[in-house]
Peer 1: 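Supplied in structure tokens, the structure appears directly below.
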Amino acid sequence: MGRVNGLVERREFEYINFIDYFNKTMQSIKGEDNPPKGTTVVVVGAGLSGLELAAELLKAGVEDVVVLEAGQEKALEHTNSQLNPNESFHFWQTPELDPAFHRPWFTDSPPHYSGVVGLRRGVGGRSLYWRGVILQIEDWALADPVWPTAVREDLVTGWHGGTGLYDEIERDLSNWIGGPLDAVREPGEEALVDLLSQACSVQSTPVPLARQRWRTESGGERWRAYSPIARWISAGGHIGGNPPCVLPNCEVTDVHVVNGRVRGVVFCRQGRKTDERIDCAVVVLAGATMENTRLVAQAVAKTSGKRTSFTGLTDHIRQGFVVKIPISKLSTDFTPVGFALIRGNSQTKTNTFIEVEPTASPNHLLWDVWSIGEQRRLECNQVWFSATSTAPWEVRVSVGRSPSDDAMVTSQREELQQVWTNLTEAMGITNKALEFESFWYGAKSFGTAYNQAVEAAVVAPITYCCPLGSVDHDGGTTPLGEVTNEHGEILEVPGLFVVGPCTFPRAGAANPSFTTLALARRTARKIVESLLAVA
């Protein structure tokens, strides 16, 4: 099954065409034969947080910046703009097709942090795959004292007397897409929002999205979510060459520490057997959570002794159901299609998303309804290492089952059942109770539920659960105010900064990308201030 121009189409996936596309676009760029031996700032990782931070540094006049990326430079465009929706959908669900997919850890707790869970290495990283959902961390989560007061104020209240970082980035993204992020995108989406608000007796809104959308010559729709690649290039950065530059195919294996302070990074270029080093005053770890945590652990071992585990690993807890419903059950003027949101509160700590799209049959709609809820930082969830004398260390992930997680799973299922009950009453459909399998021990995946719902001959909701790690919101291992100071600098290793969801002291229920962008800008500005102070 697949999605073609918003339609569900039944056909065999054209694997060979898909692979041909990536073989053509993923060109290996080695950078200069002699990359710079020294620079001011090295950023490790050219994804959402790394390039946003690097672009902010360029904007402030810090041009002596090198971004090292373990993956290749591929087509620097979002997958949904380069591939049709059918291919893009299968691409994400079948990561073995993606040359950029990589999992640099072992899990002790399958199905969690295994299967489809991994990194998407390459310039742009996950910013070329994500859906563009923009939600700020909820007030009830930010109010927790685990969030440093200064960080919370900079995000929400104002940065140095100006607008808050959330408002600043929302303004910039709105300018980029040409309108409000939460604007209704088509008449069908307004019909969907109205239907949900009336049926569920709660306010529903369009999901805020940082997406540019357009129609193809054939009449289909394509879109791209925001990526900081364009901002980096427009600020004067480039791929390869001399600073400010991104150097692909350069995997950072260690942080160079001298007398307790950062002095550079050690990396290995693809196809070479010897390590190289770039000296610098500041290193920013902007990779995925597991890689950031490994590099922090290795650096800390050089200053205060080996630390072989970091606790508090989190992802969001996600469960949902997919169901095919006849259009004849609806009495709206417009066919309700689109992407809508029912926000949670401080009691539920979960957000519910509803995405409705046409199917290959003109008489049915496919409804995907899911909840994403907070997972709290707990010691039973950890990233740990086999510390050795050589880098990189082996990374392992362990997940424990906690009462708070079980409570969230139960609460979400009650919430989803209530949404389904409300919809059946509004449409005159027989209310069949949702039947969930165990969240912890290999429940039905989204892909399986999706395919079964498309094939269903009757209105029958098919439930699914997403194993931890597969939501791709993992974080929490190097939190602000605990492992780092409020600026994101590692307490035990001056000059070493970390950005991304791994620094969130509490994640809330919101998708992390909005806060990731905001904190990347904040850390960049703090680095600029520190460099000016030294100068």
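Numbering of residues begins at 1 and proceeds along the displayed sequence.
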Peer 1: Can you confirm whether M427 sits close enough to I325 that some side-chain heavy atom of one is under 4.5 Å from a side-chain heavy atom of the other?
Peer 2: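 Yes, side chains in contact.
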Peer 1: So, are K349 and E138 salt-bridged, with charged N and O less than 4.0 Å apart?
Peer 2: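 No salt bridge links K349 with E138.
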Peer 1: With a cut-off of 3.5 Å and sequence neighbours excluded, list every side-chain donor-acceptor pair involving residues 501-522.
Peer 2:
{"residue": "T503", "atom": "OG1", "partner": "G500", "partner atom": "O", "Å": "2.8"}
{"residue": "R506", "atom": "NE", "partner": "E374", "partner atom": "OE1", "Å": "3.4"}
{"residue": "R506", "atom": "NE", "partner": "E374", "partner atom": "OE2", "Å": "2.7"}
{"residue": "R506", "atom": "NH1", "partner": "D144", "partner atom": "OD2", "Å": "3.0"}
{"residue": "R506", "atom": "NH2", "partner": "E374", "partner atom": "OE1", "Å": "3.1"}
{"residue": "T515", "atom": "OG1", "partner": "Y166", "partner atom": "OH", "Å": "2.7"}
{"residue": "T516", "atom": "OG1", "partner": "P512", "partner atom": "O", "Å": "2.9"}
{"residue": "R521", "atom": "NE", "partner": "E52", "partner atom": "OE2", "Å": "2.8"}
{"residue": "R521", "atom": "NH1", "partner": "E168", "partner atom": "OE2", "Å": "2.7"}
{"residue": "R521", "atom": "NH1", "partner": "D172", "partner atom": "OD2", "Å": "2.8"}
{"residue": "R521", "atom": "NH2", "partner": "E52", "partner atom": "OE2", "Å": "3.2"}
{"residue": "R521", "atom": "NH2", "partner": "D172", "partner atom": "OD2", "Å": "3.1"}
{"residue": "R522", "atom": "NE", "partner": "D154", "partner atom": "OD2", "Å": "2.8"}
{"residue": "R522", "atom": "NH1", "partner": "E486", "partner atom": "O", "Å": "2.6"}
{"residue": "R522", "atom": "NH2", "partner": "D154", "partner atom": "OD2", "Å": "3.1"}

Peer 1: Any non-hydrogen side-chain atom of L119 less than 4.5 Å from a side-chain atom of F101?
Peer 2: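 No - every pair of side-chain heavy atoms lies 4.5 Å or more apart.
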Peer 1: Do D474 and T289 come close enough that some side-chain heavy atom pair is under 4.5 Å?
Peer 2: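 Yes, side chains in contact.
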Peer 1: Determine whether the side chains of D405 and W440 contain a donor N or O and an acceptor N or O closer than 3.5 Å.
Peer 2: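 There is no such pair (donor and acceptor under 3.5 Å, judged by atom type) between the side chains of D405 and W440.
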Peer 1: Check whether any side-chain heavy atom of L128 sits under 4.5 Å from a side-chain heavy atom of R120, and report yes or no.
Peer 2: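 No, their side chains stay 4.5 Å or more apart.
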Peer 1: Roughly how far apart are T335 OG1 and E189 CD, rounded to 0.5 Å?
Peer 2: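 Between T335 OG1 and E189 CD, I get 14.0 Å after rounding to 0.5 Å.
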Peer 1: More than 12 heavy atoms of other residues, nucleotides or ligands under 6.0 Å from CG of D139: is that the case?
Peer 2: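 At most 12 heavy atoms, drawn from other residues, nucleotides or ligands, come within 6.0 Å of this atom.
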Peer 1: Going through the checks in order, is the side-chain contact (heavy atoms from CB on, under 4.5 Å) test met by V499 and V284?
Peer 2: CA-CA 7 Å; V499 292; V284 183; 4.1 Å; yes
Peer 1: Which residue is it: L416, V419, I317, V409? I am looking for the one with a side-chain contact (heavy atoms from CB on, under 4.5 Å) to S371.
Peer 2: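 Only one of L416, V419, I317, V409 forms a side-chain contact (heavy atoms from CB on, under 4.5 Å) with S371, namely L416.
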Peer 1: Apply side-chain contact (heavy atoms from CB on, under 4.5 Å) to T308 and list each qualifying residue two or more places apart in sequence or on a separate chain.
Peer 2: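 If we apply the side-chain contact (heavy atoms from CB on, under 4.5 Å) test to T308, skipping adjacent residues, the hits are A387.
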Peer 1: Do F385 and R294 have side-chain heavy atoms sitting under 4.5 Å apart?
Peer 2: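 Sidechains of R294 and F385: in contact.
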Peer 1: Scan side-chain atoms only and decide if R413 and Q417 contain a donor-acceptor pair under the 3.5 Å cut-off.
Peer 2: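 Not at all, the side chains of R413 and Q417 share no donor-acceptor pair under 3.5 Å.
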Peer 1: Between CD of E221 and CZ of R185, what distance do you get to the nearest 0.5 Å?
Peer 2: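 Here the rounded value is 10.0 Å.
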Peer 1: Quick check: does any side chain N or O of S114 sit under 3.5 Å from a backbone N or O of P111, one acting as donor and the other as acceptor?
Peer 2: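 Pair found, side chain donor or acceptor close to backbone of P111.
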